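Shown next, in structure tokens, is the structure this report addresses.
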Amino acid sequence: MKNELKIFDSLSNKKTNFIPFDKQNIRIYACGPTVYDFAHIGNARMAVACDVLVRVLRSIYPKVTYVSNITDIDDKIIKKSLETGTPIKKITQKFHKIYNEDMEMIGVEHPNVQPKATNYIKEMINAITKLIDTNNAYCVDGHVLFHVPSYKYYGSLSKRSIEEQIAGNRIDVAPFKKSNADFVLWKPSKSDEPSWDSPWGKGRPGWHIECSVMSEKTLSLPFDIHCGGADLRFPHHDNEIAQSCCLIGKNMRPENFSRYWFHNGFVQVSGEKMSKSIGNIKLINTLLKNKSGQCIRLALLSSHYRQPLNWTDSVLEQAEKNLERLNRIAKETENVKITNEEKTSFCCEIKDALMDDLNTPNVFGILFKMTKQLSEKKKLDQKKIKSNLQFIKNNLGLSLEINSKKKFFIKTEEKKFIEDLIKERNNARIEKNFEKADKLRKKLEILGVEISDTKNDTSWKKTK
RNA sequence: GGUGCGGUGGCGGAGAGGCUACGCUGCGGCCUGCAAAGCCGUCUACACCGGUUCGAAUCCGGUCCGCACCUCCA
């Protein structure tokens with residue numbers, strides 16, 4: 001069994017062995033959400049992919065510091081505030097809280113540090129000042145712009161030359177830019193927009209600078225892995241590299257900022273891009289009304305994190321079935337005792353799959369093969385499946401405890417009523433009055449109660 | 001136009017030169033008073049055209065078709 005993680009690094013575009021900078025403390029930064037609306041399935045995919053990465057690293061190394069930021073100042077938030085007449089702080093506080101709650105529901109462990117952009121304005125101003133002092137940035141009309149040609153390795157992540165970007169530019173270039181590719185570090189605010197005092201007048205930071213500042217302040221440089229959605233690769237991550245490397249010194253290579261880059265693929269909905277204009281955004285909050293967080297999590301892990309994921313109802317339904325099956329086996333093997341040695345030796349195959357760039361679909365393939373062997377009587381040690389289920393629990397964050405069906409609140413008197421009907425039905429069954437028994441089954445069905453006869457008793461659950 | 005990723009059975013989804021991946025669904029059976037679950041069995045695959053090889057879904061060349069990014073986006 002290999003205790004070595006291989007990850008696909010988007011900077012070198014290769015699957016490589018992960019070698020930590022400091023193996024006593026692995027440091028990871030992930031670009032988190034802009035909190036102006038409910039978290040959607042795309043936010044969740046990134047959070048779950050990083051969560052698994054962090055869990056796996058924690059199983060190998062003594063300490064992992066995971067930082068994921070919250071963007072709480074941004075044009076989208078300002079727009080929402082103006083549209084709804086709600087103060088910015090109220091919006092960001094609300095959706096920040098909801099984001100954390102939703103992520104917790106789908107089994108995502110809270111990052112060790114979750115910095116907010118507005119808490120780092122002073123540090124951003126200092127960083128921008130330094131970039132101006134070192135001739136990497138310039139100030140025009142209250143704007144401060146990063147001068148892209150001043151960074152030798154610009155575009156190394158997206159593999160795009162500056163000429164290429166300009167050729168394909170679809171937006172009008174602001175006239176005050178020295179180079180078309182230059183981007184904003186600081187911009188002036190209008191009177192109705194939030195602003196902070198700065199050497200360049202009242203204004204607010206551009207989007208990219210916050211991650212450069214927060215990652216350096218919370219982790220120090222270089223850190224090990226920088227994560228984010230595939231769309232952030234360009235321009236956001238390339239801009240971050242440029243800023244951060246220029247802050248370190250002249251001609252610093254991208255590796256001096258983050259040593260590896262981890263990007264998750266996009267979520268599509270029924271084959272289309274998920275977007276506000278199409279109106280097909282799948283919110284975690286909404287999905288949680290019908291399915292458990294564990295089910296959503298399993299659905300997200302059922303395809304490889306780098307592949308595009310086409311979200312459909314059937315993806316969720318399949319996940320639900322698979323989860324029920326794993327839950328059942330977990331219950332069956334509840335009392336099986338395993339030693340630590342057994343745990344390690346039984347999990348080689350599944351661990352190798354996970355260590356191979358987090359190949360979660362392969363992990364499930366191996367696991368399901370085992371469950372089949374288990375039912376083929378004695379072909380598989382119960383200890384083996386138990387070990388593997390525990391492995392899944394720790395590394396994939398699937399608790400395998402919660403019923404995957406949504407739990408409904410049931411009043412005591414309703415419960416008694418249902419149980420009385422079931423008793424009546426079972427009496428009818430004993431008397432072999434099956435006509436009456438079937439009628440009672442129908443009646444319960446109408447009440448939204450699903451019953452299931454087992455050897456000794458009848459179990460039931462509410463389904464609506 | 002540029003950059004990158006990909007096309008695997010009804011669907012989802014790994015693999016990556018020779019060994020049934022796996023799951024869901026369908027079909028046939030066992031078991032159940034019925035139902036559900038479970039169990040056993042089972043059908044459709046590697047976009048197309050060439051090449052390399054004893055052997056290619058996997059390697060090489062070409063063709064076609066998708067998708068994403070280049071603009072706020074996870």
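Heavy-atom basis, side chains included; hydrogens, waters and symmetry copies ignored. Throughout, a chain's letter reflects where its sequence line sits, starting with A, and its residues are numbered from 1. Quick caveat: nothing in here was measured; it's all calculated off a predicted structure.
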(message) I'd like to know if A/Glu324 and A/Arg328 make a salt bridge, using a cut-off of under 4.0 Å between side-chain N and carboxylate O.
(response) no
(request) Treat primed atoms plus P, OP1 and OP2 as sugar-phosphate and everything else as base, then score nucleotides 11-17 of chain B 5' to 3': B for base contact with protein heavy atoms under 4.0 Å, S for sugar-phosphate contact only, - for none. (result) B-SSS--
(message) Using a 4.0 Å cut-off on heavy atoms, which residues in residues 428-438 of chain A reach RNA chain B? List them by number, or say none.
(response) A/Arg429, A/Phe434, A/Asp438
(request) Let me know the distance between NZ of A/Lys443 and P of B/C34, rounded to the nearest Å. (result) 24 Å
(request) Provide, to the nearest angstrom, the distance between the CG atom belonging to A/Asn264 and the P atom belonging to B/G4. (result) 20 Å
(request) Verify the contact: side-chain N or O of A/Arg328 to OP1 or OP2 of B/G38, cut-off strictly under 4.0 Å; return yes or no. (result) yes
(request) Please report, rounded to the nearest Å, how far the P atom of B/C22 is from the CD1 atom of A/Ile392. (result) 17 Å
(message) For the backbone of A/Tyr36 and the side chain of A/Lys80, can you confirm whether one donor and one acceptor N or O come within less than 3.5 Å of each other?
(response) yes
(request) Flag the pair A/Asp51 and A/Arg55 as a salt bridge only when some basic side-chain nitrogen lies within less than 4.0 angstrom of an acidic carboxylate oxygen. (result) yes
(message) How many whole angstroms separate atom CG of A/Asp238 from atom C1' of B/C69?
(response) 12 Å
(request) For A/Gly229, answer base if it contacts any base atom (sugar-phosphate contacts may also be present), sugar-phosphate if it contacts only those atoms, and nothing otherwise; contact means non-hydrogen atoms under 4.0 Å. (result) sugar-phosphate
(request) Could you work out which one of B/C69, B/A21, B/G4 sits closest to the side chain of A/Asn13? (result) B/G4
(request) Take the protein atom NE2 of A/His236 and the nucleotide atom P of B/A68, then report the distance between them rounded to whole Å. (result) 22 Å
(message) Please check: side-chain N/O of A/Asn359 versus main-chain N/O of A/Ala353, any donor-acceptor pairing under 3.5 Å?
(response) no
(message) Rounded to whole Å, how long is the line connecting atom CD1 of A/Ile329 with atom C1' of B/C22?
(response) 13 Å
(request) Check whether the aromatic ring of A/Phe266 stacks on the base of B/A74, taking stacking as ring centres less than 5.5 Å apart and planes within 30° of each other. (result) yes
(message) Side-chain N or O of A/Lys372 versus OP1/OP2 of B/C40: is the shortest distance under 4.0 Å?
(response) no
(request) Could you state the atom-to-atom distance from CG of A/Leu300 to C1' of B/A74 in whole Å? (result) 12 Å
(request) Determine which bases of RNA chain B form Watson-Crick or G-U wobble pairs with both distances under 3.5 Å, and write the result as a 5' to 3' dot-bracket string with | for other-strand partners. (result) (((((((..(((.....[...))).(((((.......)))))....(((((..]....))))))))))))....
(message) Is it the case that atom CD in A/Glu332 sees more than 12 heavy atoms from other parts of the structure closer than 6.0 Å?
(response) yes
(message) Rounded to whole Å, please give me the gap between CD1 in A/Ile366 and C1' in B/G23.
(response) 14 Å
(message) Taking the basic N atoms (NZ, or NE/NH1/NH2) and the acidic carboxylate oxygens, is any pair closer than 4.0 Å for A/Lys383 and A/Asp381?
(response) no
(message) Is the phosphate of B/C70 approached by A/Arg233 (side-chain N or O, under 4.0 Å from OP1 or OP2)?
(response) no
Check nucleotides 25-29 of chain B for protein N or O atoms closer than 3.5 Å to its own N or O atoms and list the pairs.
{"residue": "B/U25", "atom": "OP1", "partner": "A/Lys321", "partner atom": "NZ", "Å": "2.7"}

(message) Whether A/Asp231 and A/Lys273 form a salt bridge (side-chain N of Lys/Arg under 4.0 Å from carboxylate O of Asp/Glu) is what I want to check.
(response) no
(message) Looking at A/Lys15 and A/Asp356, is any side-chain nitrogen of the basic one under 4.0 Å from a carboxylate oxygen of the acidic one?
(response) yes
(message) Expected output is a numbered-order residue list: members of residues 30-50 of chain A with a heavy atom under 4.0 Å from any atom of RNA chain B. What is it?
(response) A/Thr34, A/His40, A/Gly42, A/Asn43
(request) State yes or no: are the ring centers of A/Phe262 and A/Tyr305 separated by less than 6.0 Å? (result) yes
(message) From the set B/C69, B/A74, B/G23, return the single nucleotide nearest to any side-chain atom of A/Asn322.
(response) B/G23
(message) Please list, in numerical order, the residues of residues 84-105 of chain A that have a heavy atom closer than 4.0 Å to any atom of RNA chain B.
(response) none
